[in-house]
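See below for the structure under consideration.
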Amino acid sequence: MAADWVFTSGRIFDGYRVHPTATAVAVSGDRIVAVGTDAEVRAQAGSAAEHVDLAGRLLTPGFTDAHLHAGQGGIERLGCDLTAVTGGADAVVAHVRDYARSTDAEWISGGGWSMSDFPGGTPTAKLLDAVVPGRPVFLINRDHHGAWVNSAALRRAGINAATPDPPDGRLERDASGAPTGTLHEGAMDLVTALMPVETPDQQRAGLLEAQRYLHAHGVTGWQEAIVGDYAGHLDISAAYRELVREGLLTGRATGALWVPRTTSLGDVGELVADLAERRRVNGAGGFPTVSAKIMIDGVAENRTAAMLEPYLCPCGGNERPTDGGLGLTYLGYEVLLEAAAALDAAAFDLHMHAIGDRAVRYGLDAVEQLRARGGGAAGRHHMAHVQIVHPADVARFAALDVTVNAQALWAAYEDQMTELTVPLLGDERTGHQYPFASMCAAGARLAMGSDWPVSSPDPWQAIHVAVTRRPPGEPDREPLLADQAVTLQAALAAYTSGSAWLNRQEEAGSVVPGRLADVVVLSTDPFEVAPQDLHTVGTDLTLVGGRLVHATDRQGAFA
């Protein structure tokens with residue numbers, strides 16, 4: 001046999017561990033055909049069209065991101081992209097000004113601003129009015145649970161002091177009740193309903209840019225975490241199917257069909273039938289959408305994450321707010337239970353967004369009750385984010401076989417955490433955040449994702465935090481609950497075989513003969529790197545099904 005690719009003189013992570021003896025891998029067509037020592041693989045593979053001298057670097061399975069928004073991320077990268085802007089509020093406003101000058105678009109749209117750059121995490125319309133006074137501006141924030149708009153956008157939407165808060169969101173207001181320019185959760189829809197609709201060409205261009213960017217970070221598969229209309233973005237399904245039809249979708253993409261936050265008990269039957277039909281159409285078009293996305297609550301920073309006990313006053317101290325302050329649950333508890341059971345019966349995997357401890361408990365309750373009805377045996381149900389987990393619920397993940405879909409990059413004391421989240425939670429609940437080690441010790445499955453464009457899609461940024469519980473590049477920062485760190489082996493397994501299993505891509509995610517040749521050559525061997533430097537690990541080469549989709553121009557990368 002003549003292989004297409006032979007990789008030698010390195011170390012091999014097989015998706016579960018560093019292989020004890022292997023130094024080489026051979027690929028023929030879309031499959032891995034040999035794993036072993038250099039001599040063993042050479043003997044099996046013969047000559048190869050391409051030979052890569054790993055020179056001590058680590059070869060791993062391609063990364064699978066279990067929770068991201070490729071469509072949104074790609075489109076935002078092509079618009080007013082604020083994700084890489086540093087320097088605080090002034091720098092963000094200057095970037096918006098410069099972008100507005102570069103385009104004659106009717107609306108200025110994009111996103112990626114950080115709440116920590118603005119007092120209270122709530123920027124005002126006046127800041128935007130100073131640089132874009134005439135055209136409406138809509139900029140979604142980095143976590144996609146709020147947006148910043150200017151006065152022109154508020155006027156166009158007819159939003160004023162008399163505008164009521166929607167059931168699934170709220171308007172940030174001044175002392176007189178007038179909206180100030182930040183829209184939380186469902187309040188975004190008051191403006192997005194008026195914005196120009198994304199065109200098929202924009203969706204296509206966004207997906208292609210997202211795919212290029214993800215492959216450059218070694219990501220070969222992913223789960224599109226919202227497939228449906230959400231926050232001004234339209235259902236991306238048709239764009240995925242078009243790229244499949246044209247042979248341009250190189251990543252192994254799956255999707256989670258959106259369960260609207262307005263779903264009621266009377267809607268459940270119709271909802272499941274609709275999602276099942278969309279799943280059929282997408283599957284026939286090469287885009288499997290076997291999960292159903294349920295957003296149980298919001299986020300802690302704007303007090304929409306659902307809590308068992310009230311938030312503390314944002315002014316600090318241990319005072320409780322007078323309004324109850326328990327956050328939001330978007331589906332009523334009974335609706336959540338019924339929808340979860342019906343979706344499981346229709347063979348959907350549940351993909352649940354849960355940030356607050358009450359949301360986590362409700363999601364676990366939903367799986368527990370559907371299992372009590374005799375369901376759940378085949379479902380790969382999972383919960384994304386799991387930020388604040390009451391200790392009584394830690395062991396329930398393993399007991400109910402609910403996979404922890406972790407966005408590990410967030411599990412650190414960074415500015416948004418220290419300035420906006422911790423003051424609302426207090427010391428005790430801060431100690432309940434992201435208990436990855438405890439959940440794994442209890443036997444829970446672990447998968448990982450980035451939630452890009454909420455945060456970087458680079459797996460090594462998240463793996464760094466999973467292992468150190470410190471922000472990348474800040475080795476002197478206090479770790480967030482150091483005892484909840486996981487090992488490098490566990491984190492790397494979660495981002496490869498763990499997420500591939502969750503996405504029902506079992507033929508990917510491991511370096512084993514006969515499996516799909518989705519492999520990544522890293523810039524170094526991370527097992528030889530100091531933990532505080534894990535975020536510096538990069539990707540030199542990415543193959544998907546034996547096809548080269550990314551390569552660096554680093555001198556000597558390939559021989």
Side-chain angles (χ1 to χ4, degrees), residues 1-64 211-221 247-252 458-460 488-489 492-493 495-497 500 505 507-529 536-559:
M1 147 182 101
D4 297 311
W5 293 84
V6 170
F7 302 86
T8 60
S9 304
R11 290 221 290 173
I12 313 301
F13 184 81
D14 64 10
Y16 306 93
R17 58 173 185 164
V18 175
H19 196 289
T21 59
T23 58
V25 171
V27 170
S28 181
D30 68 347
R31 300 283 165 170
I32 296 166
V33 293
V35 178
T37 65
D38 286 13
E40 291 169 341
V41 169
R42 283 293 194 190
Q44 294 179 65
S47 60
E50 299 286 349
H51 169 239
V52 178
D53 181 358
L54 295 173
R57 291 172 291 175
L58 188 71
L59 180 146
T60 77
F63 293 99
T64 296
Q211 179 172 256
R212 181 204 64 76
Y213 191 52
L214 292 168
H215 287 337
H217 289 298
V219 177
T220 57
L248 297 177
L249 186 68
T250 50
R252 301 191 192 282
D458 178 2
W460 287 100
L488 175 56
Q489 175 176 297
L492 192 50
Y495 232 127
T496 54
S497 60
Q505 296 172 344
E507 289 197 275
S510 59
V511 179
V512 175
R515 296 291 179 87
L516 288 165
D518 298 355
V519 299
V520 167
V521 176
L522 301 176
S523 60
T524 187
D525 180 355
F527 289 92
E528 299 298 324
V529 170
T536 67
V537 176
T539 296
D540 283 346
L541 176 148
T542 308
L543 296 184
V544 182
R547 176 181 175 181
L548 181 66
V549 295
H550 167 75
T552 67
D553 57 3
R554 187 169 65 88
Q555 186 66 27
F558 312 114

Examine distances only and state if a side-chain atom of Ser523 and a backbone atom of Asp540 form a donor-acceptor pair shorter than 3.5 Å.
no

Does Gln211 reach the main-chain N or O of Thr250 with its side chain, forming a donor-acceptor pair under 3.5 Å?
yes

Report the distance from atom CG of Leu59 to atom OG1 of Thr23, rounding to the nearest 0.5 Å.
11.0 Å

Just do the side chain to side chain contact (heavy atoms under 4.5 Å, CB included) check on Thr220 and Arg252 with the steps written out, would you?
CA-CA 6 Å; Thr220 57; Arg252 301 191 192 282; 5.9 Å; no

Quick one: are Phe63 and Trp460 in side-chain contact, heavy atoms under 4.5 Å?
yes

Between Arg57 and Thr524, does any side-chain donor sit less than 3.5 Å from a side-chain acceptor?
no

Side chain to side chain contact (heavy atoms under 4.5 Å, CB included) between Val52 and Leu541, intermediate numbers included:
CA-CA 10 Å; Val52 178; Leu541 176 148; 4.3 Å; yes

Measure from the side-chain N and O atoms of Gln505 to the backbone N and O of Gly221, and report whether any donor-acceptor pair falls under 3.5 Å.
no

Which residue pairs pass the ring pair (Phe, Tyr, Trp, His ring centres under 6.0 Å) test when at least one of the two sits in residues 6-38, sequence neighbours left out?
Trp5-Phe7

What are the two closest non-hydrogen atoms of Gly509 and Ala500, and how far apart are they?
CA-CB, 3.8 Å

Pair Leu516, Ile32 - check side chain to side chain contact (heavy atoms under 4.5 Å, CB included), show working.
CA-CA 6 Å; Leu516 288 165; Ile32 296 166; over 6 Å; no

On a heavy-atom basis, which atom in Gly546 and which in Val27 lie closest, and how many Å separate them?
CA-CG1, 4.0 Å

Between Asp4 (side chain) and Ala49 (backbone), is there a donor-acceptor pair under 3.5 Å?
no

Is there a side-chain contact between Gln489 and Val18 in this structure, where contact means two heavy atoms from C-beta onward sitting under 4.5 Å apart?
no

With heavy-atom distances below 4.5 Å as the criterion, would you say the side chains of Asp14 and Ser510 are in contact?
no

Going by the side-chain contact (heavy atoms from CB on, under 4.5 Å) test, name the single residue among Val537, Val520, Val521, Leu492 that passes it with Leu58.
Leu492

Rounded to the nearest 0.5 Å, the OG1 atom of Thr21 sits from the CD atom of Glu40 at a distance of 6.5 Å

Set of salt bridge (Lys or Arg N to Asp or Glu O under 4.0 Å) partners for Arg31, sequence neighbours left out:
Glu507

I need the Thr60 OG1 to Leu522 CG distance, nearest 0.5 Å.
5.0 Å

Would you find a donor on one side and an acceptor on the other, under 3.5 Å apart, between the side chain of Gln44 and the backbone of Val41?
no

Who passes ring pair (Phe, Tyr, Trp, His ring centres under 6.0 Å) against Tyr213, sequence neighbours left out?
His217, Trp452

Go through Leu54 and Thr8 one step at a time and tell me if the side chain to side chain contact (heavy atoms under 4.5 Å, CB included) criterion holds.
CA-CA 6 Å; Leu54 295 173; Thr8 60; over 6 Å; no

Exactly one of Thr539, Val219, Thr496 clears side-chain contact (heavy atoms from CB on, under 4.5 Å) with Pro459, and that residue is Val219

